[in-house]
Trainee: 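Sharing a structure below in structure tokens format, with a few things to ask.
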Amino acid sequence: MLDIKGLRASAGEKDILKGIDLTVKAGEVHAIMGPNGSGKSTLAQVLAGHPAYKVTGGTVTFDGADLLDMEPEERAQAGLFLAFQYPVEIAGVTNAYFLRAAYNAIRKARGEEELDPMDFLDILEEKLKLVEWGPEIMQRAVNSGFSGGEKKRNEILQMAVLEPKLAILDETDSGLDIDALRIVAEGVNKLRRPDRATIVVTHYQRLLDHIVPDYVHVLFDGQIVKSGGKELAHELEAKGYEWLTGVPEAVSA
Amino acid sequence: MSSPVESLVNREYKWGFVTDIEADTVPKGLSEEIVRLISAKKQEPEFLLEWRLKAYRGWLKMTEPHWPNVTYPPIDYQDLIYYSAPRTQKPLGSLDEVDPKLLEAYTKLGIPLTEQKLLAGVAVDAIFDSVSVGTSYKKQLGAMGIIFCSFSEAVREHPELVRKYLGSVVPTSDNFFAALNSAVFSDGSFVYVPKGVRCPMDLSTYFRINAQNTGQFERTLIIADEGASVSYLEGCTAPKRDENQLHAAVVELVALDGASIKYSTVQNWYAGDEEGKGGIYNFVTKRGKAARGAKISWTQVETGSAITWKYPSVILQGDDSVGEFYSVAVVNGRQQADTGTKMIHIGRNTRSTIVSKGISAGRGNNSYRGQVKVLPKAAGARNYTQCDSMLIGNRCGAHTFPYIDVQNPTASVEHEASTSKIGEDQIFYLKQRGLNTENAISIIVNGFCKEVFKELPMEFAVEAQKLLGISLEGSVG
């Protein structure tokens, strides 16, 4: 599904990704771990096409298409979804309106008919259950005044509605309490299907107790320095990143 | 590499066509002769000529205001044509007699002059250059005693009303541009709603400047008698020309005891090109006077004009009167806007609400200028002001100049202000959800303007949303 070869990217003058190779097949869950500043979030943003990053080398194919040649919205329409680490607030636009606009934009791009508000509501009701939310959340402005946990749940709700082929969760666990973590993880698990894949970007092992990965990759200084099965995450939890990087890790919250 | 947003091409101003139509114009320049000539062409009564001359003489002694936060080269008032009318053989009896080219121009504008729009229930008066070309729906309104006609017709048919109310809210001496308008205005719209009558439909005027080197000086006078109510819509466009065109209109609203007037504008005059060449100078005086228990509500969506200088205001003269101002002002390219409102609280328990949304993009410069004045007798007066600015890109400006003057200790005045910036991050978020740049900006901006748009009549709100999308295309970079 996703094939990354020798991907290099920079922000301004600074090289951040220094040759990433990664293959993700349908049905798989990959975890990308690594210390702060290793390039995890950059990888997620580059795959989604954030304009702040410049790709300086390598190729990425997504379902046979050249991903790097696509606009961010084309990537989304092709089935790539990024759950943001810092979801953006949009004042005055209700969650319901935003979600339907996104849903219809993607349908339209695929040559499917757009849904009217009533039909969309039916779909929405189903998806809201997944994140254990009532309908009132839909009338609030997108992420405005949402708590950190609510914002992350809203990302998962969007993912549930848009049903991407490849979902990239960028530090979705940061800032979540235990209950929110469970809701978010269960939501993701319920969306797992043999024809879909997930990349979980995280600093900590705890999310991976809930979303169990097939593969774990450790990113350090813009390169994948070790790959393994889910047991690698436990090893990291026990030994810390210093074990792989040789660099003492700064204390972080 | 330019950002994907920047590379979106600025769409052409689609209303920029010129209609080739024979026009009756007066020579360039302004003098007492010209004022007399205009008045004579319009076969006006003596009182009006005197009124114009008084305004003209007053104007000669006034100087152009330079306190607004805008810059432009000096205007040569002797280089303008002060009257231009589509040439017609005889007075028009019905729309069928209107020059087909004119109707074609309105069709291009999407203007509701014909049957289909009548069915939609909007009565329309259209001002082409300076002359009113047709007022629809007149008979139906007439049966209720509502007068909706061109200003010239009102002068002919209802001189007593014109004489009584013209200049009663904006006197000839009010300001430089109002004085100029008073001297040379050629037409405009007139509305009178009699006592206790609720006007059953929105009344609508469409203004268009066509001829070259012409100023448009229209005059609108709306009177809602005791207990009456009316909603009035105004739309504006102009052809693309390299020269700047001057638009100096005056709108006066008179709301008598318990009356209500809602005045909505969607202004989309040509804004000039990217380098700031051409475009309309929109120097407009709009003011309403609210008597006891009356309500005046201004809603404006300003997306056009090279320069906008406009402060729709309410004089809250009667006790318990209410004034509202809801505004969206958008500047892009080299546009400059200095706009806001004045709420003058004179009566007791008067209330006013100001909601201003300024959007600045490109190299645009947007200033909110508002005055809330509570006079000594206005016990219990209340004002709420909310003033939000949104910046798109790094080269635009947003400024806020609130003036608050409270002379009564029981008054309460609130002012809230915010400034935000649409960034690549916000747009990227929406793009990541499958929306293209254009839709992303449109969603963000419409969300920002929501409180104002909900005040607009439905069909206008839809138009305003579309217009906003177009105005801001290619604005992020």
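Here is how names work: the chains are called A, B, and so on, in the same order as the sequence lines, proteins then strands, and each is numbered from 1.
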Trainee: Yes or no on side-chain contact (heavy atoms from CB on, under 4.5 Å) for B:Leu430 and A:Phe98, after CA distance, side-chain angles and deciding distance?
Mentor: CA-CA 9 Å; B:Leu430 275 76; A:Phe98 168 60; 3.9 Å; yes

Trainee: Any idea how B:Tyr429 and A:Phe84 line up, ring-wise: parallel (<30°), tilted (30 to 60°), or perpendicular (>60°)?
Mentor: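 Correct class here is perpendicular.
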
Trainee: Mind checking which of residues 121-141 of chain A sit less than 4.5 Å from chain B, heavy atom to heavy atom?
Mentor: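 Result: none.
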
Trainee: As an exercise, state the distance from CD1 of B:Ile422 to CD1 of A:Ile90, rounded to the nearest 0.5 Å.
Mentor: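 So the CD1 of B:Ile422 and the CD1 of A:Ile90 are separated by 10.0 Å.
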
Trainee: Is A:Leu80 close to chain B through its backbone or its side chain, or both, or neither, when contacts mean heavy atoms under 4.5 Å?
Mentor: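 Both backbone and side chain of A:Leu80 come within 4.5 Å of chain B.
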
Trainee: Relative to chain B, which segment of A:Ala109 carries a heavy atom at a distance below 4.5 Å: side chain, backbone, both, or neither?
Mentor: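 Neither part.
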
Trainee: Does B:Lys262 have more than 12 heavy atoms from other residues, nucleotides or ligands lying within 6.0 Å of its NZ?
Mentor: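 Above 12, so yes.
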
Trainee: Identify the heavy atoms of B:Lys431 and A:Ala76 that sit nearest to each other, and give their distance.
Mentor: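 Nearest heavy atoms, B:Lys431 then A:Ala76: O-CB, 3.8 Å.
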
Trainee: Tell me, out of B:Lys450, B:Glu451, B:Gln426, B:Gln432, who's got the most heavy-atom pairs with chain A below 4.5 Å.
Mentor: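 Answer, by heavy-atom pair count under 4.5 Å with chain A: B:Gln432.
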
Trainee: Counting heavy-atom pairs closer than 4.5 Å to chain B, which one of A:Gln158, A:Gln77, A:Glu89 comes out on top?
Mentor: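 Most heavy-atom pairs under 4.5 Å with chain B: A:Gln158.
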
Trainee: Given a strict heavy-atom distance threshold of 4.5 Å, which part of A:Tyr97 is in contact with chain B: side chain, backbone, both, or neither?
Mentor: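 The side chain, not the backbone.
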
Trainee: Which heavy-atom pair separates B:Ile443 from A:Ala101 by the least distance, and what is that distance?
Mentor: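 Residues B:Ile443 and A:Ala101, closest heavy atoms: CD1-CB, 4.0 Å.
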
Trainee: Please indicate whether A:Phe146 has more than 12 foreign heavy atoms, meaning atoms of other residues, nucleotides or ligands, lying under 6.0 Å from its CZ.
Mentor: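 Atom CZ in A:Phe146 is packed in, count exceeds 12.
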
Trainee: Once rounded to the nearest 0.5 Å, what's the spacing between atom CG of B:Asn436 and atom NZ of A:Lys108?
Mentor: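 The NZ atom of A:Lys108 is 8.0 Å from CG of B:Asn436, to the nearest 0.5 Å.
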
Trainee: Tell me, side chain or backbone of A:Leu162 under 4.5 Å from chain B's heavy atoms, or both, or neither?
Mentor: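 For A:Leu162, the contact with chain B is made by the side chain alone.
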
Trainee: Could you tell me whether B:Arg433 and A:Glu155 make a salt bridge, using a distance below 4.0 angstrom between a side-chain N and a carboxylate O?
Mentor: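 Salt bridge flag = yes for A:Glu155 with B:Arg433.
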
Trainee: Go through the atoms of A:Pro87 and report whether side chain, backbone, both or neither lie under 4.5 Å from a heavy atom of chain B.
Mentor: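 Both parts, heavy atoms under 4.5 Å.
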
Trainee: Search all heavy atoms of A:Glu73 against all heavy atoms of B:Leu435 and return the closest pair with its distance.
Mentor: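 Residues A:Glu73 and B:Leu435, closest heavy atoms: CB-O, 3.4 Å.
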
Trainee: Please list all pairs passing the side-chain hydrogen bond (donor to acceptor under 3.5 Å, both in side chains) test where one or both residues lie in residues 41-53 of chain A, with sequence neighbours left out.
Mentor: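 Qualifying pairs: A:Ser41-A:Gln85, A:Ser41-A:Asp170, A:His50-B:Asp425.
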
Trainee: Could you tell me which portion of A:Glu74 (side chain, backbone, both or neither) has an atom closer than 4.5 angstrom to a non-hydrogen atom of chain B?
Mentor: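 Neither part.
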
Trainee: Tell me if the CD atom of A:Glu112 is crowded by more than 12 foreign heavy atoms within 6.0 Å.
Mentor: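 More than 12 within 6.0 Å, yes.
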
